[in-house]
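Numbers for residues simply follow the sequence, beginning at 1. The structure displayed is predicted, hence computed values, not measured ones. Counting convention: from 1, in listed order, for ligands and their atoms alike.
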Amino acid sequence: MTDQGRRAELAAALREVNTRIERACAAAGRAASEVTLVAVTKTYPASDVVLLTGLGVTEVGENRDQEAAPKAEAVRAAGASPRWHFIGQLQRNKARSVARYAGVVESVDSVRLAQALSRAAAERSEPLDVLVQVSIDGDTARGGAAGDDVWRVSDSVAAEDTLRLGGVMAVAPIDWEPDRAFAVLRGISERLVKAHPYATTISAGMSGDLEAAVRHGATHVRIGTSLLGMRNLLR
Ligand SMILES: *Cc1c(COP(=O)(O)O)cnc(C)c1O
């Protein structure tokens with residue numbers, strides 16, 4: 001496909017996603033400006049990120065450092081400067097790499113990872129924003145902190161000068177109603193904000209469940225498929 005063709009395709013998808021966000025906000029009695037779109041560009045090329053930034057997207061999400069690091073470099077070389085959200089499970093030995101290009105790491109779920117990121121972020125000119133990933137159903141196999149670990153991780157992030165605690169992130173468990181999952185997440189966010197009043201971010205909602213997430217207070221929705229198309233599953 002030509003660059004122009006892809007640009008038109010992305011522009012149409014972006015209009016549709018923005019309309020969904022606006023409608024969901026209106027239905028929830030919220031202002032559309034309260035919800036930020038994070039375009040999840042994993043498996044898609046740097047050229048798509050550049051096109052999306054040209055269409056007004058300012059936040060992009062990636063879940064693997066080995067893919068994101070060269071993509072961020074290519075996007076920068078092309079003259080675009082979106083804010084990169086790291087949203088995948090992160091090994092501590094990748095913390096230094098991620099801290100070089102990410103503006104936000106949304107998937108911090110252990111004290112040890114927070115400490116590794118804190119050391120890595122010392123080389124930055126500004127603190128690294130961090131969200132604590134919460135496992136809503138308590139099954140931590142796919143990432144996320146559960147139970148009191150949520151507070152342990154949050155407090156450890158808040159204690160680091162090189163990190164800035166922004167709030168919480170979660171993926172709704174596959175076998176839960178999204179409304180139930182995001183209601184639980186909202187309760188966790190409310191408790192977090194009592195201890196850390198500025199940590200108001202709730203990153204929740206993907207292509208299939210953004211409306212439910214907006215109903216339950218999401219401030220950021222992470223949208224891949226609805227914007228860029230179906231990903232190849234054999235990756
Ligand atoms: C891939 C991914 C998304 C986007 O999912 P879609 O269903 O394609 O919108 C959101 N959040 C995380 C953590 C992801 O890994």
Name the orientation class of the two ring planes belonging to His220 and His85 (parallel below 30°, tilted from 30 to 60°, perpendicular beyond 60°).
tilted
Among side-chain atoms of Arg124 and Thr162, is any donor-acceptor pair under 3.5 angstrom?
no
Do the side chains of Asp3 and Arg6 get close enough for a salt bridge, i.e. N-O under 4.0 angstrom?
no
Lys/Arg-Asp/Glu bridge criterion (N-O < 4.0 Å) met for Arg164, Glu126:
no
Residue among Asp155, Val134, Leu192 satisfying side chain to side chain contact (heavy atoms under 4.5 Å, CB included) with Val150:
Val134
After noting the C-alpha distance and the side-chain angles of Thr219 and Glu34, does the key distance pass the side-chain hydrogen bond (donor to acceptor under 3.5 Å, both in side chains) rule?
CA-CA 6 Å; Thr219 62; Glu34 291 175 43; over 6 Å; no
Protein residues that have a heavy atom under 4.0 Å from any atom of ligand 1, sorted by chain and number:
Val40, Lys42, Ile87, Val171, Met206, Ser207, Arg222, Ile223, Gly224, Thr225, Arg231
